[in-house]
Amino acid sequence: MRIYNTLTGKKEDFIPVNEGSVGMYACGVTVYDNCHVGHARSAIVFDVIKSYLNYRGFKVSYVRNFTDIDDKIINRAKEEGISWDEVAQKYTEEYYADMDALGVSRADLEPKATDHIPEMIEIIVDLIEKGYAYDVDGDVFFEVSKFDGYGKLSKRDMKDMMAGARVDVDERKKSPMDFALWKSSKEGEPSWESPWGPGRPGWHIECSAMSKKHLGESFDIHGGGADLIFPHHENEIAQSEAYTGKDFAKYWVHNGFITIDKEKMSKSLGNFFTIKEILDKFDPEVLRVFLLSTHYRSPIEFSDMILRETEALLDRFYSTLMRIDDFISKNSSGSGQTGETETFKKVLERFEDRFREAMDDDFNTALAIGHIYEVIREVNRYIDSKPSGDDATELLNDAVGALRVATEVLNVFNRTPKEWYVALMRSHGIPLTEDDIDNKIEMRRDARSRKDWDQADIIRDELLRSGVILEDRPDKTVWKIKIGN
RNA sequence: GGCGGCGUACCCAAGUGGCUAAGGGAGAGGUCUGCAAAACCUUUAUGCGCCGGUUCAAAUCCGGCCGCCGCCUCCA
């Protein structure tokens, strides 16, 4: 297995610190607002990585934190006229609602910053003792120049950064690059007792404290969005390695951004969509598949058009699944293998290897999905070749089983066709019930049996205008939801 | 300014030295169908931003140029 490591800038063979087990920490969210699709990408990427590592037989400990104290939370509390912890509580719940919808599983541990204040203070005290940090008027700063490796993750050196440093620097810092480990709090702000007076932790220290507590001083994978490389992850390395004297995380994994009109989607630019906004119009699985159909390190351009294409992609999968179900339910006995049988078998046999190869190569979900669709095409080709008998049923069941291995790891394509179409009916806002549609199909069946084609077409057109497609099979008529405009 | 990345068909996208450049969408033609839809078949890059170089062999490595983007500030 190979993983791209931001620290070395290369794909490396994955060799965990302790054989057979993996400690993984991904930076979660600051709970001060609803999540946008950028947060969804990060969450889904690490969800799949965790799931794949499990599939590969590793015992995974996955930690994803919540930053539940921060300036933005405090500001938000003021705006909404509620307390900071109510803000954190509210948006933690919203986070779970969004992530549950997207099929993101819970991490093994989901620690909160405010539950680890003593651990953070312990590290800060030690860093001061060791000469890596200094306190001024109740604030504590990490002195970047004391840590030799500073800049090794983000590949920049102190000189360059000085040149680009911002003007509004805190005058009390020894260097503009120094960052806060502890911030004194103003009157009325949330605070915790500390050796430096009442205050709250700086942003970076929580991850050092929580990863150490739950995964140990050195662990395997640390991840997050690419915008966390500097300064957040760089600062984590400085704090943690200065404190323990050991290597911190071995592999640094960063997901790319979502862009709109080629620009990074971000809060500050205002060009973002919340997950909730997207889920008003699209099924959550569409968003998940969309985010996995590009390699996790590449930027993804976000648009309605591409989501509609993804919807069509998913529909192709579920349509095929429906054909398989159909075929199996009315398959006659006997043995009627066809010229396609051998090719179909071959594609099935090598599918899991190809899936694994793709995922082993830095979690190439896009390629993995491509392989899934090769199987889909083969399934259709096979059914078109009109096989029959128990062997055919068994082969198609094998196909479903082979696909399931992959679809469970990715946690996509796991519903029944029926569930998919019912979900689409909702996300497309089609004001019909399944019974409504079944009644129309019944009426049309009568018309067709009278060879009243005009009446049959009227019914079909009427449903089509509502977004429902009818497909006539030899023995029955099935319905689907129309994709696209 | 410093550092990093990207540029593959009409669109999205995989591919980082060697089989006919995955997969999806869109378009065209065909098979099937009462007509459709779906599915399948054929078709759409002798070509991978441009120009050189290395090599028996390059989308893939090296150099230059052009274009786009990101980080350097809270940010997934």
Side-chain angles (χ1 to χ4, degrees), chain A residues 6 9 11 26-30 32 35-46 70-72 151 154-157 159-166 168 177 203 223-232 234 254-259 262-269 272 289-290 293-295 297-301 303 305-306 308-317 319-320 322-323 340 354 358 361 364-374 376-377 379-385 448 451-454 456-457 460-461 464 469-474 477-480 482-484:
Chain A
T6 308
K11 274 188 206 171
C27 290
V29 293
T30 301
Y32 76 105
C35 291
H36 60 67
V37 293
H39 299 104
R41 184 179 197 187
S42 198
I44 289 169
V45 163
F46 290 100
D70 165 274
D71 287 353
K72 288 194 290 273
S154 53
K155 314 279 187 288
R156 58 193 80 200
D157 64 47
K159 286 201 305 288
D160 300 336
M161 289 192 282
M162 297 305 232
R166 284 302 164 110
D168 56 337
M177 294 317 300
W203 174 33
D227 43 8
L228 298 182
I229 295 171
F230 189 89
H232 184 55
E234 196 69 72
H254 293 98
N255 63 275
F257 302 125
I258 291 176
T259 60
K262 308 271 266 178
E263 273 191 325
K264 179 188 170 188
M265 177 186 291
S266 73
K267 287 285 226 192
S268 38
L269 286 169
F272 63 90
V289 170
F290 162 67
S293 60
T294 298
H295 185 91
R297 281 188 285 119
S298 305
I300 303 186
E301 174 73 11
S303 68
M305 188 190 81
I306 189 72
R308 275 198 296 271
E309 284 185 12
T310 307
E311 200 173 66
L313 178 85
L314 269 146
D315 197 63
R316 180 166 160 77
F317 187 94
S319 287
T320 304
M322 191 153 89
R323 281 194 88 188
E340 287 300 319
R354 301 186 82 190
D361 186 11
N364 195 337
T365 54
L367 183 57
I369 290 171
H371 293 330
I372 288 173
Y373 278 85
E374 274 179 83
I376 290 298
R377 193 189 57 223
V379 166
N380 281 308
R381 208 197 296 247
Y382 180 66
I383 294 177
D384 278 358
S385 74
R448 292 185 78 215
K451 298 216 188 303
D452 184 352
W453 307 125
D454 285 347
D457 289 352
R460 185 171 61 194
D461 290 347
L464 183 60
I469 294 177
L470 296 188
E471 287 182 17
D472 294 325
R473 303 289 166 83
T477 295
V478 299
W479 61 270
K480 293 177 171 182
K482 186 175 186 291
I483 303 299

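Just so it is clear, the structure is predicted and the values come from calculations on it, not from any experiment. We name chains A, B, ... by the order of the sequence lines, and we start the count at 1 in each one.
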Rounded distance in Å between the C1' positions of B:A14 and B:A76: 24 Å
Provide the distance between the two P atoms, one in B:A39 and one in B:A57, to the nearest whole Å. 44 Å
Per-nucleotide protein contact along nucleotides 26-37 of chain B, 5' to 3', at a 4.0 Å heavy-atom cut-off (B base, S sugar-phosphate only, - neither), is --------BBBB
With rounding to the closest Å, how many angstrom separate the P atoms on B:C65 and B:A21? 32 Å
If pairing requires Watson-Crick or G-U wobble contacts with both distances under 3.5 Å, which nucleotide is the partner of B:C56? B:G18
On a whole-Å scale, what distance lies between the P atoms belonging to B:U54 and B:G29? 49 Å
OP1 or OP2 of B:A76 less than 4.0 angstrom from a side-chain nitrogen or oxygen of A:N255, does that happen here? no
Going by atom types alone, do A:S319 and A:K480 pair a side-chain donor with an acceptor below 3.5 Å? yes
Using the P atoms only, state how far B:G49 lies from B:C72, rounded to an integer number of Å. 29 Å
Name the nucleic acid region contacted by A:G9, choosing base, sugar-phosphate or nothing; use a 4.0 angstrom heavy-atom cut-off, strictly under. nothing
In the strands shown, is B:G1 matched to any nucleotide by a Watson-Crick or G-U wobble pair with both distances under 3.5 Å, and which? B:C72
Establish, with yes or no, whether the OP1 or OP2 oxygen of B:G4 is under 4.0 angstrom from a side-chain nitrogen or oxygen of A:R156. no
Would you measure the distance from the P atom in B:C11 across to the matching atom in B:A45 and give it in whole Å? 13 Å
A:K264 vs B:A76: side-chain N/O to OP1/OP2 distance below 4.0 Å: no
Paired with B:U33: which nucleotide, if any, by Watson-Crick or G-U wobble criteria at under 3.5 Å for both distances? none
Quick note, A:R381 side chain, CB onward, closest among B:C40, B:A76, B:A14 is B:C40
Considering every strand and a 4.0 Å limit on heavy-atom distances, what is the contact class for A:S268: base, sugar-phosphate, or nothing? base
Does B:G15 have its OP1 or OP2 closer than 4.0 Å to a side-chain nitrogen or oxygen of A:N364? yes
Mind checking who B:G63 pairs with, Watson-Crick or G-U wobble, both distances under 3.5 Å? B:C51
Can you tell me, in whole Å, how much space there is between the C1' of B:G4 and that of B:A9? 29 Å
Using a cut-off of less than 4.0 Å, is there contact between a side-chain N or O of A:R316 and OP1 or OP2 of B:C40? yes
